[in-house]
Amino acid sequence: MKIVFIASSLAIVWCMRRHPLVRRSYDKDLDTFRHQYVVLACFVLGLILNEKFTVQEVFWAFSIYLEAVAILPQLVLLQRSGNVDNLTGQYVVFLGAYRGLYIINWIYRYFTEDHFTRWIACVSGLVQTALYADFFYYYYISWKTNTKLKLPA
């Protein structure tokens, strides 16, 4: 499964950078999100809030914090453009659904395992799901009314 995940992630990045139709839809003027600050903040948070202060744990916490906010540049870009095509909308919805299923998994593990204590992953997952909430709302409204998905600017 990890090989499929990594391969599909690389295929998505390739499509965004090299596929002529997908690459043509990119608007550099709208993409002004300063991701460097988010990466730095996640790294500092990983240094401060971790389960054990070891190199592996600090980088694990950093990766979990970064995963929680990695969708922010995409959501900001979608909000600035206002229009969301079907493929992008469904991609974002499925990313959010993936995180929602993780939350169900954590609830199950909390009740079935004796020492389930991955509080960093749980809190970060809740933050990530909350970031998707606004998009889910507008996606649901557009699906219900059978109209094109538009986000407020």
Side-chain angles (χ1 to χ4, degrees), residues 1-17 19 22 25-26 30-31 33-46 48-52 56-153:
M1 286 307 290
K2 291 219 183 238
I3 291 171
V4 170
F5 175 74
I6 291 169
S8 64
S9 296
L10 291 173
I12 290 168
V13 170
W14 180 86
C15 281
M16 290 187 305
R17 296 209 178 256
H19 193 278
V22 177
S25 68
Y26 176 69
L30 294 175
D31 189 12
F33 190 86
R34 307 239 184 218
H35 64 276
Q36 302 90 340
Y37 297 121
V38 174
V39 172
L40 181 62
C42 290
F43 184 71
V44 170
L45 200 58
I48 296 169
L49 294 175
N50 51 59
E51 293 182 5
K52 290 185 285 187
Q56 185 174 355
E57 279 295 315
V58 167
F59 279 110
W60 176 81
F62 163 67
S63 73
I64 296 298
Y65 296 139
L66 190 59
E67 181 185 12
V69 295
I71 194 65
L72 275 176
Q74 180 72 41
L75 291 175
V76 169
L77 182 65
L78 290 175
Q79 189 146 20
R80 285 189 182 144
S81 70
N83 292 328
V84 181
D85 63 32
N86 268 348
L87 183 62
T88 304
Q90 290 174 355
Y91 177 73
V92 173
V93 164
F94 282 114
L95 281 176
Y98 154 79
R99 181 49 64 184
L101 291 172
Y102 253 93
I103 292 172
I104 293 169
N105 175 48
W106 294 326
I107 293 168
Y108 172 78
R109 289 179 65 190
Y110 177 78
F111 288 112
T112 59
E113 293 180 12
D114 290 335
H115 300 290
F116 181 70
T117 60
R118 287 294 190 178
W119 64 271
I120 291 174
C122 294
V123 171
S124 296
L126 291 173
V127 167
Q128 185 177 11
T129 305
L131 291 175
Y132 284 102
D134 186 51
F135 186 86
F136 286 159
Y137 171 75
Y138 288 107
Y139 185 86
Y140 175 74
I141 295 298
S142 85
W143 174 77
K144 188 176 178 183
T145 60
N146 201 23
T147 59
K148 185 168 173 51
L149 176 60
K150 291 187 185 230
L151 298 175

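Not measured: the values here are computed from a predicted model.
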Y98 atom OH, over 12 foreign heavy atoms within 6.0 Å = yes
Compare all side-chain heavy atoms of I64 with those of E67 and state whether any distance is below 4.5 angstrom.
-> yes
How about W119: does its CH2 atom have over 12 heavy atoms from other parts shown lying under 6.0 Å from it?
-> yes
Okay, side chain of T88, backbone of V84: is any donor-acceptor separation there less than 3.5 Å?
-> no
Check: N105 side chain, L101 main-chain N or O, donor-acceptor pair, under 3.5 Å = no
Exam field: side chain S124 to backbone A121, donor-acceptor pair closer than 3.5 Å = no
Rounding to 0.5 Å, atoms CD (Q128) and CG (L95) come to a distance of 8.0 Å
L149 vs W143 side-chain heavy atoms within contact, under 4.5 Å | no
How long is the gap from CG on L72 to CG on L77, to the nearest 0.5 Å?
-> 12.5 Å
Would you check if W14 and H19 make a side-chain contact, meaning some heavy-atom pair closer than 4.5 Å?
-> yes
Over 12 non-hydrogen atoms of neighbours within 6.0 angstrom of NZ in K148 | yes
F43 versus F59: any side-chain heavy-atom pair under 4.5 Å?
-> yes
How many angstroms lie between atom CG of D134 and atom OH of Y139, to the nearest 0.5 angstrom?
-> 15.5 Å
Heavy-atom closest contact (C42 atom, V69 atom, distance) = SG-CG2, 3.7 Å
Could you walk me through whether N50 and W60 pass the side chain to side chain contact (heavy atoms under 4.5 Å, CB included) test, one step at a time?
-> CA-CA 8 Å; N50 51 59; W60 176 81; over 6 Å; no
Side chain to side chain contact (heavy atoms under 4.5 Å, CB included) between I71 and F135: does it pass, once the steps are laid out?
-> CA-CA 11 Å; I71 194 65; F135 186 86; over 6 Å; no
Please examine the side chains of Y91 and I12, heavy atoms only from C-beta on, and report whether any two atoms are closer than 4.5 Å.
-> yes
Rounded to the nearest 0.5 Å, how far apart are CD of Q79 and CZ of F33?
-> 12.0 Å
Return yes when atom CD of Q36 has more than 12 non-hydrogen atoms of other residues, nucleotides or ligands closer than 6.0 Å, and no otherwise.
-> yes
How about Y65 and I120: do any of their side-chain heavy atoms sit closer than 4.5 Å?
-> yes
Is there a side-chain contact between Y102 and T129, using heavy atoms and a 4.5 Å cut-off?
-> no
In chain order, what residues pass the side-chain hydrogen bond (donor to acceptor under 3.5 Å, both in side chains) check against S9, with sequence neighbours excluded?
-> none
